[in-house]
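The structure appears below as structure tokens.
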Amino acid sequence: MRDVAIIGIGMTDFGELWHDSLRDLFVKAALAAMDDAGIAHLDSMYVGCMTPGLFTGQEHIGSLLADYLGQAPVPATRVESACASGGLALRCGFFEVASGASDLVLCGGVEKMTDVSGGRATYALATAADQDYESFHGVTFPGLYAMIASAHMAKYGTKREDLARVAVKNHANGLLNPHAQYRMPVTVEQVLSSVKVADPLNILDCSPITDGAAAVILCPADKAKKLAKGRAVKILASAHATDTIALHQREDLTWLKSTAVAAEKAYKMAGLKPADVDFAEVHDCFTIAEICVTEALGVVKRGKGGEAVRSGYTARDGKFPVNPSGGLKSKGHPVGATGIAQVHEVVTQLRGEAGKRQLKKARRGLTQNMGGSGGSAVVHILEVMR
Amino acid sequence: MITPPVVRRNTPQRYRLEANKCAKCGKVFFPPRLVCDACRGRKFAPVTLADTGKVVACTVIRTPPTGFSDLSPYCMGIVELKGGTRIQCQIADCEPERVKIGLPVTLEFRRVQEDGESGVLAYAYKAVPAR
């Protein structure tokens with residue numbers, strides 16, 4: 001396999017973007033990425049999108065988006081793994097370039113979520129759970145993660161305030177991200193007194209409904225230095241794993257096995273240990289998720305995810321910063337776009353272009369993108385090319 | 001989705017808790033599976049799940065999905081039944097303050113969704129605190 005590099009990135013602002021359609025969101029992000037890479041044509045493209053049919057009534061979006069990007073007849077593939085669709089789109093493009101089949105591949109993600117009511121959006125998202133044995137009974141995604149939280153609190157003594165501290169930390173980071181949907185600080189008290197959604201989770205424990213798109217351009221690493229003029233980032237590892245999509249069928253409700261397995265494979269592929277990575281962008285769709293993910297990635301020991309945020313270990317100025325972009329929590333969570341937006345942030349940090357939220361140490365970064373309540377997970381490790 | 005074929009197909013599980021057990025390694029699956037995820041065995045025997053157990057994870061849904069707003073707030077839980085199989089369902093007849101991990105429950109036959117798009121009522125199991 002050839003080594004693969006990222007030579008261009010682009011994303012839209014994340015938010016309630018009433019004037020932008022699904023196709024316009026994607027094209028804006030894709031053009032930004034192509035301009036950043038300095039290229040005008042693609043060999044192929046992959047687009048992560050969870051459920052354009054339920055959110056907008058539109059399927060067959062691979063061709064639609066290639067056409068509106070002015071790139072038809074290039075092959076264009078829509079990739080779906082619920083909220084991990086974006087990460088998986090990157091993995092598909094990675095293999096296409098690594099195999100030698102193509103040189104210039106765009107990997108993007110998009111979701112247009114605000115064309116439907118809150119109830120319809122909740123329904124659309126709940127299709128990522130087991131329809132017959134979870135959603136049928138009236139559970140929601142906040143409900144599933146709330147049950148994970150209840151089990152984590154009972155097993156490890158994780159405090160309600162620890163969950164709130166994840167929101168406080170990520171909003172503090174998102175405050176400095178011009179693309180973020182919610183650029184506002186929140187306090188532990190505000191999280192604890194916000195509207196209850198699914199006990200113990202309140203509205204400020206949940207990522208929002210968001211419109212947005214993001215894209216990156218891949219090429220062979222040996223061509224990247226010339227094309228990217230010193231701003232290329234190498235993909236050291238790409239890994240993917242699955243688990244039961246029904247939460248109740250897992251042996252340990254607090255353990256995100258798909259993330260743990262994908263991370264283990266990624267560290268092995270890169271020849272690294274968790275301690276060799278400087279920071280991570282992870283899938284904090286709910287505050288409890290970040291706590292469980294840091295454990296599954298091996299950043300902290302099992303059961304210590306709450307302590308990690310309480311002690312400041314995962315803060316922007318901590319030993320292992322998690323979600324310097326603001327995460328899904330503050331930046332927003334257009335589900336199909338999220339996995340690519342995480343890569344956008346890691347590349348921005350590795351290039352040293354993150355402005356006020358720039359991390360002091362950013363040579364290697366990790367992304368973890370998760371589908372449903374953990375039924376799928378995609379992990380990438382990126383390194384700056386010197 | 002509540003349409004007649006879906007309701008009919010799920011009846012053995014939702015009405016009667018029908019599961020299956022791997023003939024080779026004994027692992028129980030609900031719903032029944034065609035391949036055992038532990039030993040890859042393909043021979044199974046039918047078994048019926050116990051209708052008593054305890055709550056191992058729980059929440060109170062206060063922002064319900066479409067079709068459940070009349071019930072809100074309602075308790076949901078993961079219940080470990082006697083024999084070890086876990087299911088997910090509502091915990092009915094239970095004040096939100098009462099639901100907690102360890103609560104002993106019994107499964108009862110209840111109406112779960114009042115009205116689908118095709119006007120079909122859907123019944124299944126809900127847990128209630130053991131009396």
Side-chain angles (χ1 to χ4, degrees), chain A residues 54 116-127 129-155 194-203 205-206 209 242-254 257 286 288 373, chain B residues 1-2 6-7 9-10 13-14 27-31 33 37-38 53 55-81 84-92 96-97 99-102 110 112-114 116 122-127:
Chain A
L54 288 174
V116 295
S117 66
R120 294 301 297 174
T122 304
Y123 170 79
L125 292 168
T127 60
D130 187 324
Q131 278 295 297
D132 289 345
Y133 292 91
E134 294 186 304
S135 312
F136 169 78
H137 294 281
V139 80
T140 56
F141 260 94
L144 289 166
Y145 277 94
M147 287 194 279
I148 293 175
S150 76
H152 203 280
M153 291 162 91
K155 186 171 181 180
S194 63
V195 174
K196 290 181 175 186
V197 175
D199 302 4
L201 303 180
N202 295 351
I203 192 78
D205 289 287
C206 308
I209 301 275
T242 54
D243 196 0
T244 69
I245 72 168
L247 175 63
H248 59 274
Q249 290 180 337
R250 297 186 202 150
E251 271 170 47
D252 183 347
L253 300 173
T254 66
K257 193 174 168 187
F286 300 93
I288 181 63
S373 60
Chain B
M1 198 161 64
I2 314 172
V6 175
V7 169
R9 190 168 61 241
N10 284 297
Q13 282 70 51
R14 289 180 183 162
K27 189 167 175 183
V28 174
F29 294 96
F30 181 80
R33 293 193 182 198
D37 70 357
V55 173
V56 295
C58 55
T59 184
V60 181
I61 305 284
R62 297 176 189 274
T63 306
T66 313
F68 289 85
S69 45
D70 291 353
L71 285 172
S72 181
Y74 54 92
C75 304
M76 289 278 323
I78 293 176
V79 174
E80 187 169 305
L81 299 169
T85 304
R86 287 176 176 183
I87 61 162
Q88 194 177 133
C89 62
Q90 284 182 34
I91 304 168
E97 304 77 50
V99 65
K100 62 173 197 293
I101 290 174
R110 298 288 179 99
V112 174
Q113 294 201 33
E114 293 207 346
Y123 297 86
Y125 45 87
K126 286 188 186 181

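To find a chain, count down the sequence lines: A is the first, B the second, and so on, and within it residues start at 1. Note: hydrogens, waters and symmetry copies are ignored here, and every other heavy atom, side chains too, is used.
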Among [options], single out the residue with the greatest number of heavy-atom pairs under 4.5 Å to chain A.
{"options": "K126(B), R14(B), Q13(B), R86(B)", "result": "R14(B)"}
{"options": "S72(B), P31(B), C89(B), P64(B)", "result": "P31(B)"}
{"options": "T59(B), T63(B), D37(B)", "result": "T59(B)"}

Side chain from CB out, backbone as N, CA, C, O: work out which of these in [X] comes under 4.5 Å of a heavy atom of chain B, or both, or neither.
{"X": "S150(A)", "answer": "both"}
{"X": "L144(A)", "answer": "side chain"}
{"X": "Q249(A)", "answer": "side chain"}

State, with a plain yes or no, whether a side-chain heavy atom of Q88(B) is found less than 4.5 Å away from one of M147(A).
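Yes - at least one pair of side-chain heavy atoms lies under 4.5 Å apart.
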Beyond-backbone contact of L253(A) with I78(B), side-chain heavy atoms, under 4.5 angstrom:
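The answer is yes; the side chains approach within 4.5 Å.
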Using non-hydrogen atoms only, which part of [X] is less than 4.5 Å away from chain A: side chain, backbone, both, or neither?
{"X": "Y74(B)", "answer": "side chain"}
{"X": "V56(B)", "answer": "both"}
{"X": "I101(B)", "answer": "side chain"}
{"X": "V112(B)", "answer": "side chain"}

Counting heavy-atom pairs closer than 4.5 Å to chain B, which one of T140(A), D130(A), I203(A), I148(A) comes out on top?
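If we count pairs closer than 4.5 Å to chain B, T140(A) comes out on top.
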Among K196(A), Q131(A), E134(A), H137(A), who wins on heavy-atom pairs under 4.5 Å with chain B?
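Counting heavy-atom pairs under 4.5 Å, the top option is H137(A).
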Is it the case that atom NZ in K257(A) sees more than 12 heavy atoms from other parts of the structure closer than 6.0 Å?
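Incorrect, the count does not exceed 12.
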Does [X] use its side chain to pair, donor to acceptor, with the backbone of [Y] at less than 3.5 Å?
{"X": "R250(A)", "Y": "T244(A)", "result": "yes"}
{"X": "T66(B)", "Y": "G119(A)", "result": "yes"}
{"X": "T127(A)", "Y": "A124(A)", "result": "yes"}

How about F30(B) and Y133(A): are their ring centres within less than 6.0 Å of each other?
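Yes, close enough.
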Strictly below 4.0 Å, N to O, side chains only: are D132(A) and R9(B) in salt-bridge contact?
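No, this pair does not count.
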